[in-house]
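Here is the structure we will look at, set down as structure tokens.
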Amino acid sequence: MNKNVRKAVIAGNWKMNMTPSETKKLLSELIPMVEGKTGCDVVVCVPFVDIDTAVAMTKGTNVKVGAQNVHFEKNGAFTGEISADMLKECGAEYVVIGHSERRQYFGETDVTVNLRLKAALAAGLTPILCVGELLDERDRDVTAEVVAMQTKIALLDVSAEDAKKVIVAYEPVWAIGTGRTATAEQADEVCGIIRSVLAAKYGADVAEAVTIQYGGSMKPGNAAELLSKYHVDGGLIGGASLKASDFTAIVDAAQ
Ligand code: PGA
């Protein structure tokens with residue numbers, strides 16, 4: 001990454017794991033382990049029901065809390081949904097938007113990703129916008145087009161000032177939870193493509209300022225190499241974020 005203009009962000013995506021009591025246990029291990037490691041921002045994106053516990057436990061520490069989804073309307077008859085204002089008031093600072101599991105299993109589209117992103121920004125949350133190609137798309141050599149399209153639609157009607165606040169996570173779908181990681185060169189190449197999409201839309205200053213993470217089977221053994229790449233500014237970590245020692249090792253790799 002370019003340390004002169006960007007700070008790494010290492011974010012755990014706990015997915016549908018950890019009850020509040022398990023959250024207490026994991027964070028009581030993790031918080032002392034990452035204490036004082038200020039070379040990157042450390043975030044845990046937890047299930048909605050764990051936000052309260054996580055916010056209380058991380059108060060005054062260098063660990064920040066995020067959610068894993070947000071609805072785009074402010075309020076109303078949307079049974080089961082959670083608004084950006086609700087997350088904000090609970091103390092969440094980040095929110096994952098457009099994760100491939102939401103796109104695959106819950107009908108998330110580029111258009112609803114855009115709506116959620118704007119709702120998050122309006123409430124003062126930092127969106128972690130996920131983009132990434134399917135294996136079939138990579139095999140057909142349309143990775144650049146897919147990722148560019150997802151990024152452009154997600155940022156429709158988002159100002160340059162707001163775009164700077166967005167974290168983009170490049171997550172090749174074939175690398176998520178599969179143990180199959182993109183090579184550092186592949187990750188750097190696609191993160192670079194995303195940065196060039198941002199440059200075309202907003203100019204080089206904005207593009208250079210935006211944090212672009214890699215996600216997909218990032219773990220202690222491959223984090224340092226991935227994070228050494230110019231365009232890779234951190235990681236969105238699923239499986240390895242559920243173990244304090246593994247997550248800490250990735251935080252260490254980003255120092
Ligand atoms: P993984 O998940 O690290 O378990 O591959 C990454 C993600 O889905 O964000």
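The basis for the numbers below is simple: all heavy atoms, side chains too, and nothing from hydrogens, waters or symmetry mates. All ligand and atom numbering here is 1-based and tracks the order in the structure.
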Salt bridge Asp110-Lys152, side-chain N to carboxylate O under 4.0 Å
no

Any idea which heavy atoms bring Gln213 and Val9 closest together, and the distance?
NE2-O, 2.9 Å

Taking all non-hydrogen atoms of both residues into account, name the closest pair between Cys130 and Leu236 and its distance.
SG-CD2, 3.7 Å

Residue part near ligand 1, for Asn13, under 4.0 Å between non-hydrogen atoms:
side chain

Can an N or O of Glu101 be found at a distance shorter than 3.5 Å from an N or O of ligand 1?
no

In terms of heavy-atom contacts, Pro127 and Ala120 come closest through CG-CB, 4.3 Å

Counting from 1, what ligand 1 atoms have a heavy atom of Ala175 closer than 4.0 Å?
5 (O)

In the protein, which heavy atom is nearest to atom 3 (O) of ligand 1, and how far is it?
Gly238 N, 2.9 Å

Between ligand 1 and Gly216, is the shortest N or O to N or O distance under 3.5 Å?
no

Check whether any side-chain heavy atom of Val147 sits under 4.5 Å from a side-chain heavy atom of Ile194, and report yes or no.
yes

For Lys219, is there an ion pair with Asp246 - N to carboxylate O distance below 4.0 angstrom?
no

Counting from 1 in the order shown, the ligand 1 atoms closer than 4.0 Å to a non-hydrogen atom of Leu236 are 6 (C), 9 (O)

Residue, atom and distance of the protein heavy atom nearest atom 4 (O) of ligand 1 read Gly239 N, 2.8 Å

Test side chain to side chain donor-acceptor pair (under 3.5 Å), reference Glu108, set Arg103, His99, Arg116, output is Arg116

In this structure, does ligand 1 have an atom that sits under 4.0 Å from one of the heavy atoms of Ser217?
yes

Atoms of ligand 1 under 4.0 Å from any heavy atom of His99, numbered from 1 in the order shown, are 7 (C), 8 (O), 9 (O)

To atom 2 (O) of ligand 1, the nearest of Arg180, Lys15, Lys219, Glu171 on a heavy-atom basis is Lys15

Would you call Gly179 a ligand 1 contact, heavy-atom distance under 4.0 Å?
no

Short N/O distance, under 3.5 Å, between Ile237 and ligand 1?
no

Please give me the minimum heavy-atom distance between Met18 and Leu242, naming the atom from each residue.
CE-CD2, 3.9 Å

For Gln68 and Trp14, which I'm curious about, is there any donor-acceptor pair between the side chains at under 3.5 Å?
no

Could you list the atoms of ligand 1 found under 4.0 angstrom from a heavy atom of Gly177?
1 (P), 4 (O), 5 (O)

